[in-house]
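Here is the structure we will look at.
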Amino acid sequence: LVATPEAGGAWRFEILGETRREDLDGAVEVEWVRHAAGRIAAARPGASEPWPPAEGAGPVDVEALYRDYAGLGLEYGPPFRAIATLSRAGDQVVGELRTGARAEAYQVHPTLLDAAFQTIRAAGEAELRPGEVFLPFEVDRVRLAARPGATARSRSRVRPAGTGLWADVRLEDAQGRELVSVEGLHLARVDRRKLFRESLDPAEWLHLLRWREAPAPAPAAIEGRWLILGDVRGAGGRGAEGLRSRGASVETEGGAAAE
């Protein structure tokens, strides 16, 4: 994390990760890759919105939404199913979110924020084609007005943006006051089959396959006295020599003991 102060108390930040690549000769190349960048500044909360929405809201089947996610390979276990109710009203989807996790240690609990993002699929249902998923990769602004705790109400709106979508997500208290807002969340349209086919290619799991020569382990010593009956000039003799080389005391038929 690299943070740089600006005038007025704002900060610019970058989140970078180190990658290391080794070639066949053993040389290591180090590269720093920027994963995210942004600006942090004080902000005023947005205006309150009426609850429930003025337009008539039609219920959304929450269990059907999670079954839809499961069909896409996204299995949400009970701790991550924080959507209690969901309704569609005009251009928005509104819901009530509850998490059983202890939220006191967080500005906004990850489970609660994730549940708000889960509602985007219901809001953008009309834009989806069979087998498609939307993957978030960019966001314009995140505003934290107050800590939501373990419960909140949510509003999600989507609008087309090229081949993808832009989404706005807002968490509110029981009076409709803003707690957290995520504005301009850019979602890329991805074919699920292509996504899973590429991610399951074993060639993508290996960074580099390299064989290294290693010395053979030394043979273990053999104890005791041995008597070999047979062809002492053939297989019997070779067996006797092998045992002697490993410390055994060996006698062959008609011969004397050798250490």
Side-chain angles (χ1 to χ4, degrees), residues 46 48-103 106 108-137 139 142 148-161 163-197 199:
S48 299
E49 295 193 40
W51 189 278
E55 301 181 49
V60 175
D61 188 336
V62 176
E63 290 302 316
L65 177 65
Y66 283 120
R67 287 196 299 270
D68 188 23
Y69 274 125
L72 294 169
L74 299 172
E75 297 277 357
Y76 288 100
F80 298 96
R81 296 190 174 202
I83 303 175
T85 64
L86 203 58
S87 301
R88 185 177 290 105
D91 66 342
Q92 62 182 315
V93 166
V94 296
E96 296 183 347
L97 314 179
R98 302 189 190 98
T99 174
R102 298 184 60 182
Y106 298 87
V108 52
H109 196 280
T111 302
L112 202 68
L113 186 60
D114 184 64
F117 290 157
Q118 293 168 18
T119 67
I120 293 175
R121 185 168 184 84
E125 186 177 38
E127 301 293 333
L128 286 168
R129 292 188 286 266
E132 281 188 336
V133 294
F134 285 114
L135 298 182
F137 70 93
V139 65
V142 178
T151 61
R153 290 171 172 171
S154 69
R155 297 177 190 263
S156 300
R157 293 182 173 94
V158 299
R159 57 191 186 278
T163 59
L165 289 179
W166 287 104
D168 299 323
V169 179
R170 171 170 156 141
L171 295 180
E172 303 173 352
D173 65 11
Q175 286 71 46
R177 293 175 298 207
E178 180 187 67
L179 300 173
V180 181
S181 68
V182 179
E183 299 174 1
L185 180 65
H186 196 182
L187 303 152
R189 188 190 301 269
V190 179
D191 187 303
R192 174 190 174 277
R193 293 167 297 180
K194 182 175 183 295
L195 177 69
F196 276 76
R197 183 171 63 249
S199 65

Find out whether [X] and [Y] are in side-chain contact, i.e. whether some heavy atom of one side chain is under 4.5 Å from a heavy atom of the other.
X    : Y    : result
R159 : R157 : no
V182 : D168 : no
T111 : P79  : no
Y76  : D114 : yes
L179 : R153 : no
L112 : V180 : no

Which atom names give the shortest non-hydrogen contact between [X] and [Y], and what distance separates them?
X    : Y    : answer
R155 : Q92  : NH1-OE1, 3.2 Å
S181 : E183 : OG-OE2, 3.8 Å
V139 : V142 : CG2-CG2, 4.2 Å
V62  : I83  : CG1-O, 3.6 Å
A116 : L171 : CB-CD2, 3.8 Å

Worksheet item: Is there any side-chain hydrogen bond (donor to acceptor under 3.5 Å, both in side chains) pair reaching into residues 64-73, and which pairs are they, with sequence neighbours excluded?
Response: Y66-Q118, D68-R121
For [X], give me all partners under side-chain contact (heavy atoms from CB on, under 4.5 Å), at least two apart in sequence or on another chain.
X    : answer
A161 : W166, H186
V60  : L86, R88, A122
P136 : L185, L187

Worksheet item: Residues two or more places apart in sequence or in another chain: which of them pass ring-ring contact (aromatic ring centres under 6.0 Å, His included) with H109?
Response: Y106
Worksheet item: Can you name the residues that form a ring-ring contact (aromatic ring centres under 6.0 Å, His included) with F80, not counting sequence neighbours?
Response: none
Practice prompt. May I have all residue pairs that pass salt bridge (Lys or Arg N to Asp or Glu O under 4.0 Å) and include part of residues 73-83, sequence neighbours excluded?
Written response: E63-R81
Worksheet item: Got a second to check how far E172's CD is from S154's OG, nearest 0.5 Å?
Response: 8.5 Å
Fill in: Approximate separation, where rounding is to 0.5 Å, of L135 CG and R189 CZ
12.0 Å
Item to complete: Report the residues that fulfil side-chain hydrogen bond (donor to acceptor under 3.5 Å, both in side chains) with T119, sequence neighbours left out, ordered by chain and then residue number.
Response: S156
Worksheet, complete the sentence: Residue set satisfying salt bridge (charged side-chain N to carboxylate O under 4.0 Å, His left out) with D61, at least two apart, ordered chain then number -> none
